[in-house]
Structures are given as structure tokens and as C-alpha cells.
Amino acid sequence: MVRIETPRSVAEVYLQGATVTHFQKHKEAPLLFLSALSRFEDNAPIRGGIPVIFPWFGKPADKPSQHGSVRTRAWILAGTKSNPDGSVEARFTLPPCAELPSIAVEYLVTVSEALSVELIVTNQSASEFTFENCLHTYFTIGDISKTTVSGLKGVEYLDAMDNFARKTERDDAIRFKCETDRVYVNTTHTTEIHDAALRRTIRVEKENSVSTVVWNPWIEKAKRMTDYGDEEYKSMVCVESGNVRSEEIKLAPGGTSSLKVKLSSNPAS
Ligand code: TA6
């Protein structure tokens with residue numbers, strides 16, 4: 001695990017999946033949620049932080065597991081650097097593997113007042129490489145019943161709780177009253193998480209992403225998840241940034257694709 005300290009914040013990244021599990025500005029609550037029951041063992045994904053989902057999202061019929069293969073692999077810390085602005089950057093690389101021939105994968109984590117992460121995929125093969133990507137971020141919130149997500153009004157979404165039926169978001173303040181699992185499509189919008197309990201607004205800015213996933217497992221699913229506390233749905237929400245399902249990426253030979261997310265927080269406006 002790599003611990004990064006800056007004058008204003010601290011972060012922790014596990015080599016397992018290059019998973020950022022912790023980010024906290026001094027004098028503020030942790031920004032990322034990490035389940036108290038998360039397993040830290042081989043071949044088990046870490047339950048929380050920012051799981052790196054690649055090269056597929058969800059569980060396509062022809063894939064061996066949920067949410068890709070790299071979140072349970074050991075990445076390499078390839079380098080760190082301190083920037084003049086006081087931020088610190090850690091660079092992680094995915095060791096070559098047979099199931100991703102000639103695909104180079106790099107992940108940059110930049111820690112400052114904000115937390116930025118960037119997943120960079122380069123197609124070094126001679127043929128087109130099709131993949132999905134998603135930075136599956138779990139956020140700490142004070143009370144899900146007093147939390148809303150804004151920025152998606154008018155955006156269409158696929159409702160995983162209704163057979164992925166296509167719907168349109170009518171509210172600017174998305175509230176949580178049941179299991180919520182939505183893939184918002186064709187959206188580059190910045191979203192905000194309004195946490196009335198912690199009196200904080202979290203901002204999720206993204207680059208090169210047209211899919212935003214909003215998820216809270218709620219009561220029954222929380223009970224079914226063995227690496228997640230029954231009550232933990234009350235203190236987390238996922239707002240995920242990527243390119244998933246029909247918005248998958250087709251990368252030409254020699255091409256590079258970057259997915260970037262910047263997370264910041266301020267006292268509630
Ligand atoms: O966040 C969207 C989602 O696909 C949900 O359907 C839920 O399965 C969640 O990811 C967690 O997936 P995981 O494999 O980490 O348990």
C-alpha cells in the first residue's frame with residue numbers, strides 16, 4: 001500500500017488493483033468510502049475506494065468475472081513525483097498479461113486539495129481493441145436519506161432495477177429511497193453529491209467519459225454482500241465515471257485512450 005501525504009491531504013493506494021482506498025483533506029471527513037468488511041486478499045476486489053474497472057463492466061455472458069480483471073491484479077508503482085504546485089503524483093503500471101496482449105495500461109493518481117485519477121490505455125497491437133472502462137468511486141456521505149446527486153437532469157439512463165429500461169432523469173436532485181443502479185448515457189456532465197449530514201458538497205468532474213453510473217445497494221443487497229456491512233448503505237454512494245455497455249471504446253492500433261476524474265469537496269454551498 002502506498003501512502004501519499006501532501007501539506008493539505010493524505011491518500012492511500014493499494015497495489016491490488018491500483019485501488020485508491022483513502023483520500024482525506026486535513027480537517028475534513030474522508031472523501032472515499034471503504035467497507036469495514038472489505039477483504040484484502042488475493043483475487044478478491046477491495047470493497048470501496050476507486051476500483052479500476054477494465055476491460056469490461058458488469059458481467060457479460062462471455063466473461064469470467066464481474067467488472068473486468070485488473071481490480072484484483074497486483075499493479076506496479078512505477079514512479080512518484082512532487083509537482084511545483086505541491087501536488088504529488090504516483091504512477092502505476094499493469095504488468096503485461098496474456099489476456100491483454102500488446103495493451104499497455106497506466107494509472108496516474110495525483111493528490112492535492114483534490115484527488116485526480118487517470119486511466120491510460122495504449123493499443124500497441126496491430127488490430128482494433130474494444131473495451132469498457134469505469135472508475136467505480138465509492139464516496140463517504142453522512143446519511144443517504146439526506147444526500148442528493150445533481151447534474152443529471154434531462155439525461156437518459158438505463159435502469160438496472162427495471163431490466164435496463166431506458167428512462168429520462170426528471171430531477172436535478174436525485175434522492176435515494178431504494179436500491180438505485182442507473183447507467184446514465186451520453187453524458188459528459190459534472191455531477192455533485194450534496195451531503196446535508198456532513199454539510200459537504202463533493203464535485204465529480206470527468207474527461208473522456210460519456211457514461212455515469214449512480215449506485216446505492218440499499219437494504220437487501222447490502223445484506224447479500226459478504227464484504228459489506230448491512231448498515232453501510234446509509235453512509236456511502238457510488239458515482240462512477242467511464243464508458244460502458246454500448247458506449248464502449250474502440251481503440252485503433254497505436255491509439256491511446258485516457259479516462260480522467262477529478263474529485264473535490266467544499267463545505268456545502
Ligand atoms: O455500481 C454498479 C454495479 O454494477 C452494481 O450493479 C453493483 O453490482 C456494483 O457495481 C458493485 O459491483 P461489485 O462487483 O463490485 O460488487
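In each ligand, atom 1 is the first atom listed, and ligand 1 is the first ligand listed.
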Please list the nearest protein heavy atom to [atom] with its residue and the distance rounded to 0.1 Å.
| atom | result |
| --- | --- |
| atom 5 (C) of ligand 1 | Asp181 OD2, 3.2 Å |
| atom 15 (O) of ligand 1 | Arg71 NH1, 2.9 Å |
| atom 3 (C) of ligand 1 | His67 NE2, 3.7 Å |
| atom 8 (O) of ligand 1 | Gln66 NE2, 3.2 Å |
| atom 1 (O) of ligand 1 | Glu240 OE2, 2.5 Å |

Legend entry - Backbone or side-chain N or O of Trp215 under 3.5 Å from ligand 1 N or O: no
Legend entry - Residue that, paired with His67, satisfies ring pair (Phe, Tyr, Trp, His ring centres under 6.0 Å) out of Phe54, Trp215, Phe57, Trp56: Phe57
Inset, instruction - Within a distance under 4.0 Å of any heavy atom of Lys221, pick out the atoms of ligand 1 and give their elements. - result: 7 (C), 8 (O)
Legend entry - Residue Arg47 vicinity, atoms of ligand 1 by number, heavy atom under 4.0 Å: 11 (C), 13 (P), 15 (O), 16 (O)
Inset, instruction - State whether Phe139 and Arg200 meet the cation-pi test: NZ (Lys) or CZ (Arg) under 6.0 Å from the six-membered ring centroid, and within 45° of the perpendicular axis. - result: no
Inset, instruction - Report the C-alpha separation of Glu192 and Thr201 in whole Å, then their side-chain angles, then the decisive distance to 0.1 Å, and conclude whether the side-chain hydrogen bond (donor to acceptor under 3.5 Å, both in side chains) test is met. - result: CA-CA 7 Å; Glu192 289 191 334; Thr201 297; 5.4 Å; no
Inset, instruction - Using a 4.5 Å cut-off on heavy atoms from C-beta on, say whether the side chain of Arg182 contacts that of Tyr184. - result: yes
Legend entry - Enclosure of Arg199 CZ (heavy-atom neighbours >12, cutoff 6.0 Å): no
Legend entry - Flag if over 12 foreign heavy atoms under 6.0 Å of CG, Asn163: no
Inset, instruction - Verify the distance criterion only: is there a donor paired with an acceptor across the side chains of Glu248 and Thr130 at less than 3.5 Å? - result: no
Legend entry - Heavy atom of Met225, distance to ligand 1 below 4.0 Å: no
